[in-house]
Structure formats: C-alpha cells, structure tokens
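Input: a single structure, listed below in structure tokens.
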Amino acid sequence: ETALVFEPTGIDSWRFRHELLREVAYELPPPSVRRILHHRVADALVEDSKEPDWRLVAVHYEHADRFDEAAHAHQKAAADARHRGALDEARGYLTRAIALIERAAPGPARKRREIRLRLRRGFLASAVEGTASPQAALDFERCLKLAGTDLREADLLAILTALWAYYLPRGDVRRALQ
C-alpha cells in the first residue's frame with residue numbers, strides 16, 4: 001500500500017492500483033508457480049466465503065489445471081444461475097464443466113461425473129427448448145453410452161427416464177421401448 005501497488009477495496013480485500021501492475025505481477029512467476037498460486041486463490045475463495053463466486057473459483061481452478069475442481073465449481077455456478085432463472089447461463093456453465101471433466105483423469109468417477117453433468121444440461125435444454133430438444137437427446141444418449149451395460153449405475157434410471165420422455169412424445173415408440 002505504501003509503495004502504491006495495492007489499494008484496499010474493503011475489509012481484508014485488496015486490488016492492484018493499476019492494471020499494468022497486475023499484468024507484470026502475473027507474468028513474473030513461471031507457469032508452474034502460477035498454477036500453484038491459482039490453486040491457492042481458488043481454495044481461499046471457497047474457504048473464506050459462505051457464498052463464493054463459483055464462476056471466479058472455476059476460472060482459478062482452470063488456470064491451476066485442476067480440471068475436476070474447475071468442473072465442480074462450474075456446476076455450482078450453473079446451480080446459482082439456474083436459481084436466478086438464467087437457464088442459458090446455467091447451460092453454458094454446464095457445457096464448460098463437461099469440457100473440463102473430459103480433461104480429468106479417466107475412470108469410473110469421471111464417467112459418473114460426466115453423466116450427472118450431461119443429465120443436468122439435458123434437463124435444462126428440455127426446459128428451455130421443450131421435450132423435443134435435440135441437444136437434450138444428444139446429452140441423454142451420451143449418458144446411456146457412458147453408463148453402458150452396468151445396471152448398478154445410480155444414474156441409469158434417470159438416463160432411461162429422460163430418454164423415454166424424449167422419444168415417446170416424438171412418436172418414436174420403438175426407440176422409447178428400446
């Protein structure tokens with residue numbers, strides 16, 4: 001503050017006095033250090049707030065290459081947007097979460113996470129575009145492929161119900177029964 005680098009913006013809250021100072025400070029550390037700092041900032045934003053800005057948290061986790069955490073933060077941002085009635089915004093966050101979860105380590109947990117994200121996005125697409133939404137169908141079909149023949153998947157019933165609700169009103173009884 002004395003050197004005129006930072007200025008207070010509230011209680012325990014600071015910002016760079018000038019954008020160029022922020023840019024220089026960002027460019028000084030190597031990428032590995034920047035990733036660590038982004039991770040710490042995201043963790044601090046979550047720990048220090050009852051209602052964190054999940055969009056901002058997601059951005060920091062993305063820059064930290066913490067794809068699973070970033071996807072989770074985008075999912076939370078989508079829930080916040082949905083509660084405000086901003087369904088298209090919520091779909092955008094879910095789309096970003098899906099793109100990030102595809103970069104996470106492969107395995108059953110990632111598959112289940114992608115299924116849950118796609119189900120949410122598919123239901124939002126149905127809410128916005130109607131039950132005949134082609135985007136919803138793509139998400140639901142992808143969920144079915146991800147679940148495969150593992151009937152123990154907790155989300156399988158939700159996937160089958162969503163597909164049935166998509167195909168039956170379209171008159172595709174054969175596919176609905178399948």
State, with a plain yes or no, whether a side-chain heavy atom of [X] is found less than 4.5 Å away from one of [Y].
X: Arg113; Y: His72; value: yes
X: Val5; Y: Phe16; value: yes
X: Ile115; Y: Leu119; value: yes
X: His74; Y: Leu94; value: no
X: Arg17; Y: Phe6; value: no
X: Leu117; Y: Glu114; value: no
X: Arg82; Y: Glu89; value: no
X: Arg15; Y: Arg22; value: no

Begin with the C-alpha distance, continue with both residues' side-chain angles, and end with the deciding distance and a verdict on side chain to side chain contact (heavy atoms under 4.5 Å, CB included) for Glu62 and Arg96. CA-CA 10 Å; Glu62 279 185 61; Arg96 187 69 191 139; 2.5 Å; yes

Ring of Tyr26, cation from Arg34 - is the NZ or CZ under 6.0 Å from the centre and inside 45° of the axis?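 Geometry flag: set, cation within 6.0 Å and 45°.
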
Could you go through the side chain to side chain donor-acceptor pair (under 3.5 Å) check for Glu69 and His39 one step at a time? CA-CA 10 Å; Glu69 290 97 331; His39 187 210; 4.7 Å; no

Enter the distance from [X]:[atom1] to [Y]:[atom2] here, rounded to the nearest 0.5 Å.
X: Leu100; Y: Gln75; atom1: CG; atom2: CD; result: 12.0 Å
X: Arg118; Y: Lys145; atom1: CZ; atom2: NZ; result: 10.5 Å
X: Leu28; Y: Glu23; atom1: CG; atom2: CD; result: 12.0 Å

Is Val33 isolated, or which residues cluster with it under the ILVMFWY side-chain rule of less than 4.5 Å, directly or via members?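 Members alongside Val33: Leu37.
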
Search all heavy atoms of Lys111 against all heavy atoms of Leu146 and return the closest pair with its distance.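 The answer is CD-O, 2.9 Å.
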
Closest heavy-atom contact between Trp54 and Ala73?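 Of all heavy-atom pairs spanning Trp54 and Ala73, the closest is CB-O, 3.4 Å.
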
Only counting residues at least two apart or in another chain, list the ones meeting ring pair (Phe, Tyr, Trp, His ring centres under 6.0 Å) with His60.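 His60 satisfies ring pair (Phe, Tyr, Trp, His ring centres under 6.0 Å) with His38 only.
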
Between the side chains of [Y] and [X], is the shortest nitrogen-to-carboxylate-oxygen separation below 4.0 Å, so that they form an ion pair?
X: Glu102; Y: Arg110; answer: no
X: Glu141; Y: Arg175; answer: yes
X: Asp139; Y: Arg142; answer: no

With sequence neighbours left out, which residue pairs that include part of residues 112-147 fulfil the ring-ring contact (aromatic ring centres under 6.0 Å, His included) condition?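 Passing the test, one end in residues 112-147: Phe123-Phe140.
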
Please determine whether side chain to side chain contact (heavy atoms under 4.5 Å, CB included) holds for the pair His63 and Arg35, giving the CA-CA distance in whole Å, both sets of side-chain angles, and the decisive distance to 0.1 Å. CA-CA 6 Å; His63 288 302; Arg35 283 191 296 275; over 6 Å; no

For Val57, run the side-chain contact (heavy atoms from CB on, under 4.5 Å) check against Val46, Asp43, Val41 and tell me which one passes.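 When Val46, Asp43, Val41 are each tested with Val57, the side-chain contact (heavy atoms from CB on, under 4.5 Å) holds only for Val46.
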
When you measure from the side chain of Ser133 to the backbone N and O of Glu129, does any donor-acceptor pair fall under 3.5 Å?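 A pair under 3.5 Å: no.
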
Using modelled atom types only, decide if a donor and an acceptor are shared between the side chain of Ser49 and the backbone of Leu45 within a distance under 3.5 Å.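 No, because the side chain of Ser49 does not come within donor-acceptor range (under 3.5 Å) of the backbone of Leu45.
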
Are Val59 and Ile36 connected into the same hydrophobic cluster when the rule is that any two of I, L, V, M, F, W, Y join if their side-chain heavy atoms are below 4.5 Å apart?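 They do not share one cluster, since no chain of ILVMFWY contacts under 4.5 Å joins Ile36 to Val59.
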
Would Leu124 end up clustered with Ile101 when hydrophobic side chains under 4.5 Å apart are linked, directly or stepwise?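 Yes, one cluster joins them.
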
Please walk me through it: do Tyr61 and Asp68 pass side chain to side chain donor-acceptor pair (under 3.5 Å)? CA-CA 9 Å; Tyr61 277 135; Asp68 194 47; over 6 Å; no

